[in-house]
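Scroll down for the structure; my scribbles are underneath it.
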Amino acid sequence: MEQRRLGRTGRHVSALGLGTWQLGADWGDVTEDDARAVLAASVDRGVNLFDTADVYGDGRSESLIGGFLSERPERSVTVATKMGRRVAQEPENYTPENFRAWTDRSRQNLRTDTLDLVQLHCPPTAVIEADTTFQALDDLVTEGRIAAYGVSVETCEQALAVIARPRVSNIQIIINPFRLKPLDQVLPAAERAGVAVFARVPLASGLLSGEYTTDTTFAENDHRTYNRHGEAFDKGETFSGVDFGVGVQAARELAATLPKSVPLAAASLAWVATRPGVTTVIPGARSVTQASRNADAAELIDGGFDLEHFDASVREIYDRRLRESIHPKW
């Protein structure tokens, strides 16, 4: 698995990481045994970055990772967690006292004295714009609670504001064949600044697996059911904000441009991973099969198929089907 520099941290992480929202909540039930199997399968395929959050299952995802890594100390895995979504999204809740409480809880869950990387979890824009936010994060580094920090964002404007901060290690933003706006300004700006980019939701909540039809349904406790129109949190987090029916058809068209031997999911992950400025891609997985399929994309990153032709198809379908409804929003 190709290794890439994680911003200013001095660490290197795999070009394909693992997002662990699925192991906590909001994607249907995943047993503890299945969650551990996903972590093991990913590490065994060369993944050395786990991305989690204190809100995923209210700490369940963090705790599963902490337990798993304590049993496999020979594995060197960077754990990036996130904080800030366990309270009302009001700027006044982003205080130094809360930062310390949140990181102390994550340290306990992950069974570590110093967290490798902590990201603010899609905070309000006012929090991103406040100098006091980043002073508080600097203080956490000085105190040894965290080794580095970044911000997960919803919009390109937020990403550019974060990249301008001098000690930010990474941003996390949605990038996939159905979400192209970050390619315009965010990725070049991050590359110039030496800020790492984690590409999240790279399969558009599964739309880019190519396995869905317009009749596909999801469990009631799956955000693809209850947040399809932004009822619970930002609409862009579910199917990248794409209308489900439109997304199914767009995915079908994109898959048709590929050789039969290349799955759409693997092609999509490889395409994201090879965009200049992307450090790592963090697809999720609910099963060993999904984790293995995600890791298979590593074989395509080094030229396992015609990425230029696929890129042209991505842009044509995006421009024709999605740009008008998606590009202006995020």
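Since the structure is predicted, the reported quantities are computational estimates derived from the model, not experimental observations.
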Report summary line: Note: Ala291 and Ser42 closest approach over all heavy atoms is CB-OG, 3.7 Å

Query raised in the report: Met83 versus His121: any side-chain heavy-atom pair under 4.5 Å?
Result: no

Report task. Decide whether Arg111 and Ser70 meet the rule of one side-chain donor and one side-chain acceptor closer than 3.5 Å. Result -> yes

**Report entry** Thr257 side chain vs Leu254 backbone, donor-acceptor pair below 3.5 Å
**Finding:** yes

**Report entry** Connected via hydrophobic side-chain network under 4.5 Å: Leu137 and Val162
**Finding:** yes

For residues 184-198, please give each side-chain donor-acceptor pair under 3.5 Å, one per line with the distance, not counting sequence neighbours.
from   : atom 1 : to     : atom 2 : distance (Å)
Asp184 : OD2    : His327 : NE2    : 3.1

Query raised in the report: In terms of hydrophobic clustering (I, L, V, M, F, W, Y; side-chain heavy atoms under 4.5 Å; direct or indirect links), are Val314 and Val201 co-clustered?
Result: no

Requested in this report: For the residue pair Asn294 and Gln290, confirm or rule out a side-chain donor-acceptor distance under 3.5 Å.
Outcome: no

Requested in this report: Taking the side chain as every heavy atom from C-beta outward, state whether Val118 and Leu140 have any atom pair closer than 4.5 Å.
Outcome: no

Report task. Could you check Thr217 against Thr225 for side-chain contact (heavy atoms from CB on, under 4.5 Å), going step by step and ending with a plain yes or no? Result -> CA-CA 8 Å; Thr217 59; Thr225 295; over 6 Å; no

Requested in this report: Please list all pairs passing the salt bridge (charged side-chain N to carboxylate O under 4.0 Å, His left out) test where one or both residues lie in residues 166-182, with sequence neighbours left out.
Outcome: Asp138-Arg167, Glu157-Lys181

Report task. With sequence neighbours left out, write down each residue that passes ring-ring contact (aromatic ring centres under 6.0 Å, His included) with Phe99, or none if nothing qualifies. Result -> Trp102

Requested in this report: Determine, step by step, whether Thr9 and Ser169 satisfy the side-chain hydrogen bond (donor to acceptor under 3.5 Å, both in side chains) criterion, reporting the C-alpha distance in whole Å, the side-chain angles of both residues, the deciding distance to 0.1 Å, and the verdict.
Outcome: CA-CA 7 Å; Thr9 66; Ser169 292; 5.7 Å; no

Query raised in the report: Can you name the closest pair of heavy atoms from Asn176 and Ser240 and give their distance?
Result: ND2-OG, 2.7 Å

Query raised in the report: Relative to each other, are the rings of Tyr212 and Phe244 parallel, tilted or perpendicular (30° and 60° limits)?
Result: tilted

Under 3.5 Å, sequence neighbours excluded: what are the donor-acceptor pairs made by side chains of residues 259-272?
from   : atom 1 : to     : atom 2 : distance (Å)
Ser268 : OG     : Leu264 : O      : 2.9
Trp271 : NE1    : Asp311 : OD1    : 2.9

Query raised in the report: When rounded to the nearest 0.5 angstrom, what is the spacing between CG in Leu18 and CG in Asn48?
Result: 11.5 Å

Query raised in the report: So Tyr149 and Phe134, would you call those rings parallel, tilted or perpendicular, with 30° and 60° as cut-offs?
Result: tilted

Requested in this report: To the nearest 0.5 angstrom, please state how far the CG atom of Leu23 sits from the CZ atom of Arg60.
Outcome: 7.5 Å

**Report entry** Distance-only donor-acceptor check, side chains Ser106 and Glu62, under 3.5 Å
**Finding:** yes

Query raised in the report: CD of Glu92: more than 12 outside heavy atoms within 6.0 angstrom?
Result: yes

Query raised in the report: Phe239, Leu180: one ILVMFWY side-chain cluster at the under-4.5 Å cut-off?
Result: yes

Query raised in the report: Between Phe50 and Thr78, is any pair of side-chain heavy atoms under 4.5 Å apart?
Result: no

Requested in this report: Assess whether salt bridge (Lys or Arg N to Asp or Glu O under 4.0 Å) is satisfied between Asp243 and Arg321, documenting all intermediate values.
Outcome: CA-CA 11 Å; Asp243 174 82; Arg321 284 195 168 273; over 6 Å; no

Requested in this report: Kindly compute the distance separating CG (Leu49) from OG (Ser14), expressed to the nearest 0.5 Å.
Outcome: 6.0 Å

Query raised in the report: Is Gln172 close to Ile282 at the side-chain level, that is, under 4.5 Å between some pair of heavy atoms?
Result: yes

Query raised in the report: Do Val47 and Val278 belong together in a cluster built from hydrophobic side chains that touch within less than 4.5 Å?
Result: yes

Query - Side-chain heavy atoms of Leu183 within contact of Ile175, under 4.5 Å - result: yes

Report summary line: Heavy-atom closest pair (Leu6 atom, Val13 atom, distance to 0.1 Å) is CD1-CG1, 3.6 Å

Requested in this report: Output yes when a side-chain donor or acceptor of Arg323 lies under 3.5 Å from a complementary backbone atom of Tyr318, and no otherwise.
Outcome: no

Query raised in the report: Can any side-chain N or O of Gln89 pair as donor or acceptor with the backbone N or O of Val87 at less than 3.5 Å?
Result: yes

Query raised in the report: Are any non-hydrogen side-chain atoms of Arg4 and Thr280 less than 4.5 angstrom apart?
Result: no

Query raised in the report: Side-chain contact, heavy-atom cut-off 4.5 Å: Gln108 with Asp104?
Result: no

Requested in this report: Measure across Pro202 and Ala199 and return the closest heavy-atom pair with its distance rounded to 0.1 Å.
Outcome: CD-O, 4.1 Å

Report task. Write out all pairs satisfying salt bridge (charged side-chain N to carboxylate O under 4.0 Å, His left out) with one or both partners inside residues 38-56, taking only residues at least two apart or from two chains. Result -> Asp44-Arg72, Asp44-Arg75, Arg45-Asp296, Asp51-Lys82

**Report entry** Residues in side chain to side chain contact (heavy atoms under 4.5 Å, CB included) contact with Asn227, at least two apart in sequence or another chain
**Finding:** His223, Glu231, Ala232, Phe233, Thr238

Requested in this report: Would you sort out whether Asp34 and Arg286 count as a salt bridge (Lys or Arg N to Asp or Glu O under 4.0 Å), showing the intermediate values?
Outcome: CA-CA 7 Å; Asp34 285 346; Arg286 299 181 67 247; over 6 Å; no

Report task. State, with a plain yes or no, whether a side-chain heavy atom of Asn170 is found less than 4.5 Å away from one of Thr279. Result -> no

Requested in this report: Consider only side-chain heavy atoms of I, L, V, M, F, W and Y, link residues closer than 4.5 Å, and tell whether Tyr94 and Val141 are in one cluster.
Outcome: yes

Report task. Quick one: closest heavy-atom pair of Asp116 and Ala147, and the distance? Result -> O-CB, 3.5 Å

Query raised in the report: Taking all non-hydrogen atoms of both residues, which atom of Leu208 and which atom of Pro177 are closest, and how far apart?
Result: CD1-CD, 3.4 Å

Query raised in the report: How long is the gap from OH on Tyr56 to OG1 on Thr81, to the nearest 0.5 Å?
Result: 8.5 Å

Report task. Start with the C-alpha distance between Arg200 and Glu237, add both sets of side-chain angles, then the distance that settles salt bridge (Lys or Arg N to Asp or Glu O under 4.0 Å), and finish with yes or no. Result -> CA-CA 9 Å; Arg200 62 190 180 90; Glu237 299 288 339; 2.6 Å; yes

**Report entry** Rounded distance [0.5 Å steps], SG in Cys122 versus CD1 in Ile173
**Finding:** 9.5 Å

Query - Heavy-atom neighbours of Glu71 CD exceed 12 at 6.0 Å - result: yes

Requested in this report: For Arg293 and Glu211, run salt bridge (Lys or Arg N to Asp or Glu O under 4.0 Å): C-alpha distance rounded to whole Å, both residues' side-chain angles, the deciding distance at 0.1 Å, then the answer.
Outcome: CA-CA 13 Å; Arg293 287 176 180 171; Glu211 298 176 355; 3.0 Å; yes

**Report entry** Nearest-0.5 Å distance, OG1 of residue Thr52 to CG of residue Leu110
**Finding:** 7.0 Å

